[in-house]
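The structure appears below as structure tokens.
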Amino acid sequence: MSKVKFVFCAHNHQPVGNFGWVFEKAYQTAYKPFMQVMLKHPKIRWNLHASGMLWEYISDEHPDYIKNVKKLVANGTLEILSGGYYEPILPSIPDRDKIGQICKMTSYLKDKFGCEEANGAWLAERVWEPSLAKVLSESGIKYTVLDDAHFTSAGMDINSLKGYYTTEEQGHLLNIFPISQRLRYLIPFQNVGHTIDYFKSLAGQNSASAHVVVMADDGEKFGMWPGTNKHVYENGWLEKFLTAIEENSDIAETATFSDVLKTEKSSGRVYLPCASYFEMSEWSLPSDAQQKFENVLHRYGGDAEAKTFLRGGFWRNFLTKYTEANNMHKKMLYVSDKIDEYVKCKKSLSDKALSGLYAGQCNCSYWHGVFGGLYLPHLRNAVYGMLLKAEDFYNRSFLKKARWTVFDFDCDVNDEYLYESKSQNIYVSPSSGGTIFEWDLFKAGHNFIDVLTRRCESYHKKLKDNINNAVLAGDNEKEVQTIHSDAVKVKEFGLEKYLVYDNYRRASLVDHFFSLDIKHEDFAFCACEEKGDFVSARYDCKVKDLKLEISRDGKVGNQNVKITKTISPHASGYNVEYCVVNKSSASIDVCFAPEQMFAFSSKTGDDTGDLKEIDIWKRYDDYLKIELEIKFSEKCDLFVYPVETVASSENGYERTYQGTCVAPLFKLSLRSEESAKFSFNTSVNLKAIDK
């Protein structure tokens with residue numbers, strides 16, 4: 001009988017921008033009690049990874065935890081993994097930033113904990129692309145850890161996986177350990193005996209060498225996931241598990257990744273395709289495709305052999321699934337190029353600017369699965385804030401005067417127009433309704449049009465089908481369960497009312513034409529008929545004297561109409577002049593509503609209203625310390641409403657405020673060749689913000 005070598009690894013992470021109380025809750029409910037139990041078992045060898053910002057938080061707030069880590073590292077029972085400092089999806093960032101993030105983390109671990117070697121790398125969300133092998137190797141990394149699903153994607157038998165494997169890219173070698181999905185679902189959700197029985201079954205297999213098996217997963221599942229704190233600590237699951245390992249030392253022994261590298265040979269060369277853990281391949285699919293994939297899983301998922309060959313998309317699909325994720329990603333690449341230009345010209349760079357760029361690469365807000373991720377405004381805001389901090393550093397050195405830049409910013413093979421100054425950015429998409437899709441305020445560190453479009457998600461069907469059986473989150477957590485369970489939990493009842501889907505991207509200067517009797521509620525819930533064809537259509541653009549003139553000849557019903565809108569940026573915002581011309585022989589009676597979107601930090605009573613005959617609208621954001629003001633050239637009615645999404649999270653379905661829509665209503669009655677002109681000025685007061 002051969003002995004099993006069990007590699008136990010916890011991965012701890014909290015995203016850039018997460019609330020301080022969440023960091024503290026994670027520490028108190030998961031990280032601290034986990035460490036306390038591990039300290040009681042000094043013979044257990046284990047592995048730990050934490051993202052850089054989490055190490056910083058714990059170091060500042062809980063230095064005793066750091067002392068314990070140092071002690072365990074010095075004793076040789078704990079091995080710490082490196083990786084990208086701010087937990088980026090490494091394939092999605094430039095190679096120079098991959099290397100920079102890893103080197104920053106490795107240096108931190110050596111300085112903070114005295115790690116002689118931190119040559120293992122945790123990959124965020126285990127997102128793998130073959131080109132990573134070269135970059136990781138060049139960064140001093142000898143091994144990484146991926147799911148067994150990665151290996152089965154290459155046609156390998158999940159039951160035959162053993163030890164670790166070696167891959168290469170252009171001759172640069174990297175060792176890869178497969179994580180057991182079976183153990184990920186057993187630990188800590190099932191009785192300890194099930195895991196020990198599994199180890200016994202492995203030990204009973206004839207093998208010339210030790211059978212190495214790896215469980216590496218989120219540390220938050222040990223105390224922070226619903227129901228797990230009571231299960232893992234109050235009911236003693238972790239204590240019982242470690243004791244069982246010790247009592248069955250003839251069957252299984254714990255080892256670090258480096259222990260295995262020193263004592264076991266590689267199981268062979270392997271080339272893995274682009275992949276992540278299996279669930280990620282589901283989440284990254286478009287909504288319709290995801291539903292079809294789930295149907296296929298229901299039909300064939302019970303067949304282990306069939307499931308081996310089932311896989312969905314891969315991480316980069318999120319950049320096509322969500323326009324907002326792609327916008328952040330391309331913003332990050334743009335800022336990275338600016339910082340690289342600065343380094344090449346100045347031969348040096350402030351660590352604060354580089355940290356801003358790296359922090360803006362934190363993965364969590366770029367995608368969405370069972371966790372809120374992209375759907376959480378505070379995470380997106382934090383990413384933009386960090387990127388703007390880095391960009392502001394560049395602008396203060398290189399941007400001498402305001403300018404319009406024209407290039408394909410979002411990589412959709414259409415040029416965008418980018419206004420850049422030392423106080424703000426205004427990004428315009430001619431191919432998507434001539435809209436403003438990003439408005440950055442450097443002093444506030446805020447993108448004021450960072451608003452998520454309401455779209456259909458595959459899990460909405462599950463919510464609709466089970467709405468009468470849904471339970472409030474917290475009411476059914478007496479028993480521990482994985483966050484991948486099928487239970488339908490909601491943060492509030494009545495969520496089905498908010499399953500509303502937009503048919504255009506949320507942006508500013510979206511040009512709507514409606515009938516004169518348009519109702520506020522119909523507009524807010526996308527229940528009104530669009531009379532024009534301007535909303536997402538292509539406009540023509542030209543720049544003159546720092547003004548951007550945007551125009552289009554289109555249709556309102558069967559009649560020809562031309563819109564010209566001219567954006568004139570100023571120090572605290574922008575002015576927009578509209579001219580609507582009836583190019584048909586017949587008269588037109590219609591309501592024109594150029595919609596604007598604003599990403600406030602939260603909604604207030606001012607966010608809902610059918611306002612009559614006003615010429616100015618203001619709203620103050622207490623958190624951002626920003627006062628927004630819109631002045632209209634003439635009195636008009638105004639529709640104002642909050643844009644709210646319904647999304648899945650680890651704690652249940654929840655409604656989230658994304659931003660506020662403000663749409664003036666101009667009632668037009670135009671004879672042939674007659675035109676209507678009006679304007680509005682959008683500005684912010686930032687005096688309350690310290691420099």
Side-chain angles (χ1 to χ4, degrees), residues 125-127 147-159 161 178-187 189-190 194 198 217-218 221 225-227 273-318 320-322 367-375 455-471 473 476-477 479-490 495-496 499 501 646-654:
E125 305 304 324
R126 279 99 78 192
V127 175
D147 288 64
D148 50 18
H150 291 68
F151 291 80
T152 60
S153 294
M156 301 176 71
D157 181 3
I158 194 171
N159 296 313
L161 295 177
I179 302 170
S180 168
Q181 186 186 60
R182 181 171 180 178
L183 285 182
R184 282 179 56 221
Y185 279 71
L186 282 173
I187 297 173
F189 306 106
Q190 300 297 319
H194 293 319
Y198 178 52
D217 208 352
D218 297 346
K221 71 193 289 184
W225 287 8
C274 298
S276 180
Y277 49 86
F278 187 82
E279 296 90 346
M280 181 71 82
S281 78
E282 298 179 66
W283 300 332
S284 62
L285 289 171
S287 179
D288 289 344
Q290 187 176 349
Q291 187 60 59
K292 292 176 182 177
F293 187 65
E294 290 173 0
N295 293 338
V296 171
L297 288 179
H298 284 308
R299 288 201 300 271
Y300 302 109
D303 184 333
E305 186 174 90
K307 192 173 182 180
T308 298
F309 299 100
L310 294 175
R311 63 188 61 89
F314 79 123
W315 190 87
R316 290 185 190 239
N317 290 153
F318 287 113
T320 56
K321 184 175 183 178
Y322 299 108
W367 63 279
H368 171 64
V370 74
F371 296 98
L374 178 73
Y375 271 81
R455 50 172 57 84
C456 180
E457 297 285 0
S458 66
Y459 52 71
H460 285 169
K461 182 179 184 302
K462 180 179 176 182
L463 176 61
K464 291 175 183 177
D465 291 346
N466 296 276
I467 198 67
N468 293 327
N469 300 318
V471 296
N476 65 333
E477 293 172 7
E479 295 184 5
V480 65
Q481 53 185 296
T482 171
I483 56 171
H484 306 295
S485 77
D486 290 327
V488 175
K489 297 184 291 184
V490 295
L495 287 178
E496 64 275 15
L499 294 177
Y501 308 126
V646 175
S648 170
S649 75
E650 65 270 31
N651 292 314
Y653 292 91
E654 61 186 4

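These figures come from a predicted structure and were not determined experimentally.
- Counting heavy atoms from C-beta outward, Phe314 and Val127 have side chains that stay 4.5 Å or more apart.
- Put simply, OG on Ser153 and CZ on Phe309 are 10.0 Å apart, with the number rounded to the nearest 0.5 Å.
- The minimum heavy-atom distance between Ser284 and Asn317, with the atom names listed, is O-CB, 3.1 Å.
- Scanning both residues, Arg455 and His460, for their nearest heavy atoms gives O-CE1, 3.5 Å.
- Between the OH atom of Tyr198 and the CG atom of Leu183 there is a distance of 5.5 Å, given to the nearest 0.5 Å.
- The closest side-chain heavy-atom distance from Lys489 to Pro226 is below 4.5 Å.
- Lys221 places no side-chain N or O within donor-acceptor distance of the main-chain N or O of Phe189, the cut-off being under 3.5 Å.
- Two residues are said to be in side-chain contact when any heavy atoms from C-beta on lie closer than 4.5 Å; Asp217 and Tyr277 fail this criterion.
- At distances below 3.5 Å, not a single donor-acceptor pair connects side-chain atoms of Thr152 with backbone N or O atoms of Gly155.
- The line from CZ of Arg299 to CG of Leu310 is 10.0 Å long, rounded to the nearest 0.5 Å.
- Residue Tyr501 qualifies as enclosed at atom OH: its count of foreign heavy atoms under 6.0 Å is above 12.
- Put simply, NE2 on His150 and CE on Met156 are 13.0 Å apart, with the number rounded to the nearest 0.5 Å.
- The closest side-chain heavy-atom distance from Glu294 to Glu282 is below 4.5 Å.
- Taking the six-membered ring where the residue is Trp, Trp225 and Phe371 present tilted rings, their angle falling between 30° and 60°.
- Counting heavy atoms from C-beta on, the side chains of Lys464 and Leu499 come closer than 4.5 Å.
- Every side chain to side chain donor-acceptor pair (under 3.5 Å) that Asp157 has, sequence neighbours left out, goes to Ser160.
- The distance from the NZ atom of Lys462 to the CG atom of Asn466 is 7.5 Å, given to the nearest 0.5 Å.
- Taking 4.5 Å as the limit, every side-chain heavy atom of Asp288 sits out of range of all side-chain heavy atoms of Gln291.
- Taking CG of Leu285 as the start and CZ of Phe293 as the end, the distance is 6.5 Å to the nearest 0.5 Å.
- In this structure, Lys292 has no salt bridge (Lys or Arg N to Asp or Glu O under 4.0 Å) partners at least two apart in sequence or on a different chain.
- Taking the ring-ring contact (aromatic ring centres under 6.0 Å, His included) definition, one finds that His368 meets it with Tyr375, Tyr459, sequence neighbours left out.
- Side-chain atoms of Ser287 come within 3.5 Å of backbone atoms of Ser458 as a donor-acceptor pair (strictly under, hydrogens ignored).
- Annotation: side chain of Tyr322 is not in contact with side chain of Trp367 (no heavy-atom distance under 4.5 Å).
- Considering every non-hydrogen atom in both Gln181 and Asp148, the closest pair reads N-OD2, 2.9 Å.
- Looking at Asn469 and Val488, their side chains never come closer than 4.5 Å, going by heavy atoms from C-beta outward.
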